[in-house]
Number of protein chains: 2
Amino acid sequence: MSADPALRREIPDATVARLPEYLRTLSRLAEDGVLSVSSEELAAEVGVRSAQLRKDLSHLGSYGVRGVGYDVETLALEISRALGLTEDWPVAIVGMGNLGHALASYSGFVTKGFRIVGLYDDDPALVDERVVGVRIRPLREIVDHHQVDPIAIGVIATPAPAAQAVCDALVGAGISSILNFAPAVLSVPEGVDVRRVDLSTELQILAFHAQRKSLAAGDLRSAVVAP
Amino acid sequence: MSADPALRREIPDATVARLPEYLRTLSRLAEDGVLSVSSEELAAEVGVRSAQLRKDLSHLGSYGVRGVGYDVETLALEISRALGLTEDWPVAIVGMGNLGHALASYSGFVTKGFRIVGLYDDDPALVDERVVGVRIRPLREIVDHHQVDPIAIGVIATPAPAAQAVCDALVGAGISSILNFAPAVLSVPEGVDVRRVDLSTELQILAFHAQRKSLAAGDLRSAVVAP
DNA sequence: AGACGTTTGTGAAGCCATGCACAAAGTTGA
DNA sequence: TCAACTTTGTGCATGGCTTCACAAACGTCT
């Protein structure tokens, strides 16, 4: 009977990447007591075109009302369902240096569906320390841990040279969704999903655009060049 | 005379986003003493198709040798130049909580062209503390700082509610490249470049794919549905 | 009840990025 | 010198994403 398109149809990756933004904005609107939004208004808040927003939402189903707009609560719930945030996602962080500590205490973590169940580091100076109520353990314990209390997502926050070994350990333990903060390309078997977040990549992209701006502004050197 | 394509031609955004990865891999190869690579080998290391790598590099110019491959040093240098990493980029971080500390001591920062020149936070408990040799100052001092010692890139590592105000301060001081770690959409005037890195967005995208995997594996519920 | 104004959902068109396949260009070895 | 082999650079086709533009659908007001 249920014909929930989120579970049957293919949702384009580009759309999935924008859904969290829509959801965040809708949550803020809901807190402010807003009951209904048009695609025009919501798109303006998020910074996309209204047509794009409508097409994105159309992949989830038909939750708007013509002539009126979208009910904020309903739409937020449907996006949550499409993203899988109505269930709970246990997360483990490996590498409890500065970044690991920052991630563990990051407030955005707990807000929606994510819950830290494990913190790992092999440095004896860190083991047994408690962060946000969770004790840091050596990585080798992750296999048992995962069997007792399954981990859905592993976060790698180690230095680059250790990343592949940590990744292998996570995969070996049976974890198939990995968020990698180390500046390294991980090789994983089929079926394992890796996303990478890299600070220096982002800085380099910014530098590229900054360079273009400064060249466009004040540079006359290469004004006349034959093709 | 110089016909450097990096300065004249348009480089697609998708290509720019991959260049840092190529550069990182080339640097590692250079350290390992590798002198030359084919597009096939390098593409395998990075995890892209060789045709894509060649097309990406063709936007920078023609630095390969047919029948041989690419000289590792030369190609690394040319990518560095295209990205603007041959110059030095002074960076300021605003928000010195856990994340700000982690970013400041992140090793990837200093490796290539980026240099931390300012750390800011309005919390009196943090002001005057020193991190990586730089003193934390209240945000209001950034205007004078920028005039004396220009800042190229501002990094926002504050909680979301403060982000827009901090952003306005950065823009007001004259900074036009911003890297935003706060989960908020920033509105900026024309000409200011903002990139956002968001942990919870990445987690949510992973959750989506994890959900699809588990549905595909064990769910028979919506097997028969009319279109 | 019916006309009017608003907003959604979606074909269709255009654009950008990816992947294929091959000629051009270089090296190596005889 | 020349043939055989390797690898680059790129024209072309393909596919996916974005944007446009409008019919269909809803609420409202008379």
Side-chain angles (χ1 to χ4, degrees), chain A residues 3-6 8-19 21-22 26 29 34-76 78-79 82 205 208 227, chain B residues 3-6 8-22 26 29 34-76 78-79 82 205 208-209 227:
Chain A
D4 187 339
R8 291 173 28 252
R9 231 177 275 174
E10 197 68 32
I11 302 181
D13 284 349
T15 294
V16 173
R18 282 184 295 267
L19 289 180
E21 198 63 55
Y22 301 157
L26 285 167
L29 292 175
V34 177
L35 298 177
S36 175
V37 276
S38 67
S39 62
E40 204 69 53
E41 294 164 341
L42 183 53
E45 290 281 328
V46 174
V48 301
R49 308 268 172 187
S50 66
Q52 173 148 259
L53 173 60
R54 289 198 300 276
K55 182 142 287 190
D56 282 342
L57 295 182
S58 76
H59 290 114
L60 312 190
S62 196
Y63 300 111
V65 179
R66 294 169 192 233
V68 177
Y70 300 87
D71 179 81
V72 172
E73 293 274 0
T74 307
L75 188 55
E78 290 302 332
I79 293 178
I205 295 172
F208 172 80
Chain B
D4 187 341
R8 293 173 25 253
R9 229 177 277 173
E10 197 69 30
I11 301 180
D13 284 349
T15 294
V16 173
R18 283 185 294 268
L19 289 180
E21 199 64 55
Y22 301 158
L26 286 167
L29 292 176
V34 178
L35 298 177
S36 176
V37 276
S38 69
S39 62
E40 204 70 52
E41 295 164 339
L42 183 53
E45 290 281 327
V46 174
V48 300
R49 308 267 174 191
S50 65
Q52 178 159 83
L53 174 59
R54 289 198 299 275
K55 182 147 290 188
D56 282 342
L57 296 181
S58 76
H59 289 115
L60 313 189
S62 195
Y63 299 113
V65 179
R66 295 174 192 228
V68 177
Y70 300 87
D71 179 79
V72 172
E73 293 274 1
T74 307
L75 188 54
E78 290 302 332
I79 294 178
I205 294 172
F208 171 81
H209 292 293

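Residue numbers begin at 1 in each chain, while the letters A, B, ... track the order of the sequences. When reading the values below, keep in mind they use all heavy atoms of this one structure, side chains included, and skip hydrogens, waters and symmetry mates.
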Quickly work out the Y63(B) OH to dT10(D) P distance and round it to whole Å.
12 Å

With distance as the sole test, does Q52(A) use its side chain to make a donor-acceptor pair with the main-chain N or O of R49(A) at under 3.5 Å?
no

Both E40(A) and R18(B) contact DNA chain C. Taking the nearest nucleotide for each, which residue is further toward the 5' end?
E40(A)

Return the 5'-most residue of the pair V68(A), A51(A) with respect to DNA chain C, ranking by each residue's nearest nucleotide.
V68(A)

Between dT8(D), dT18(C), dA21(D), which nucleotide gets closest to the side-chain atoms of R54(B)?
dT8(D)

Nearest-Å distance, CZ (R49(A)) to P (dA21(D))?
12 Å

Grab the CG-C1' distance between L42(B) and dT8(D) for me, whole Å please.
13 Å

What is the distance, to the nearest angstrom, from the NE2 atom on H59(A) to the P atom on dG16(D)?
12 Å

Give the intermediate values and the outcome of side chain to side chain contact (heavy atoms under 4.5 Å, CB included) for residues Y22(B) and L53(B).
CA-CA 9 Å; Y22(B) 301 158; L53(B) 174 59; 3.6 Å; yes

Side chain to side chain contact (heavy atoms under 4.5 Å, CB included) evaluation trace for Y70(A) with L26(A):
CA-CA 10 Å; Y70(A) 300 87; L26(A) 285 167; over 6 Å; no

Closest nucleotide among dG27(D), dT18(D), dA21(D) to the A14(A) side chain:
dT18(D)

Kindly indicate whether the side chain of R66(A) and the base of dT7(C) share any N or O donor-acceptor pair separated by less than 3.5 Å?
no

For Y70(A) and dG9(C), is the shortest distance between a side-chain N/O and OP1 or OP2 below 4.0 Å?
yes

By nearest-nucleotide position on DNA chain D, the 5'-leaning member of V65(A) and Q52(A) is Q52(A)

When you measure from the side-chain N and O atoms of S38(B) to the phosphate of dT7(D), is any distance below 4.0 Å, counting only OP1 and OP2?
no

Starting at CG of L60(B) and ending at P of dT10(D), how long is that distance when rounded to a whole Å?
12 Å

Could you tell me how far apart L75(B) (CG) and dT8(D) (P) are, to the nearest whole angstrom?
11 Å

Considering residues, nucleotides and ligands other than E73(B), do more than 12 of their heavy atoms fall under 6.0 Å from its CD?
no

Distance check needed: dC16(C) P versus D13(A) CG, whole Å only.
21 Å

Taking CG from D71(A) and P from dG27(D), how many angstroms apart are they, rounded to a whole number?
13 Å

Just compare dT7(D), dT10(C), dC12(D) and give me whichever is closest to any side-chain atom of K55(B).
dC12(D)

Using side chain to side chain contact (heavy atoms under 4.5 Å, CB included), reason through L42(B) and L75(B) one step at a time and then give a plain yes or no.
CA-CA 11 Å; L42(B) 183 53; L75(B) 188 54; 4.3 Å; yes

Against the side chain of S39(B), the closest entry in dT18(D), dT8(D), dC20(D) is dT8(D)

How do G64(B) and D56(A) order along DNA chain D: which one's closest nucleotide is nearer the 5' end?
G64(B)

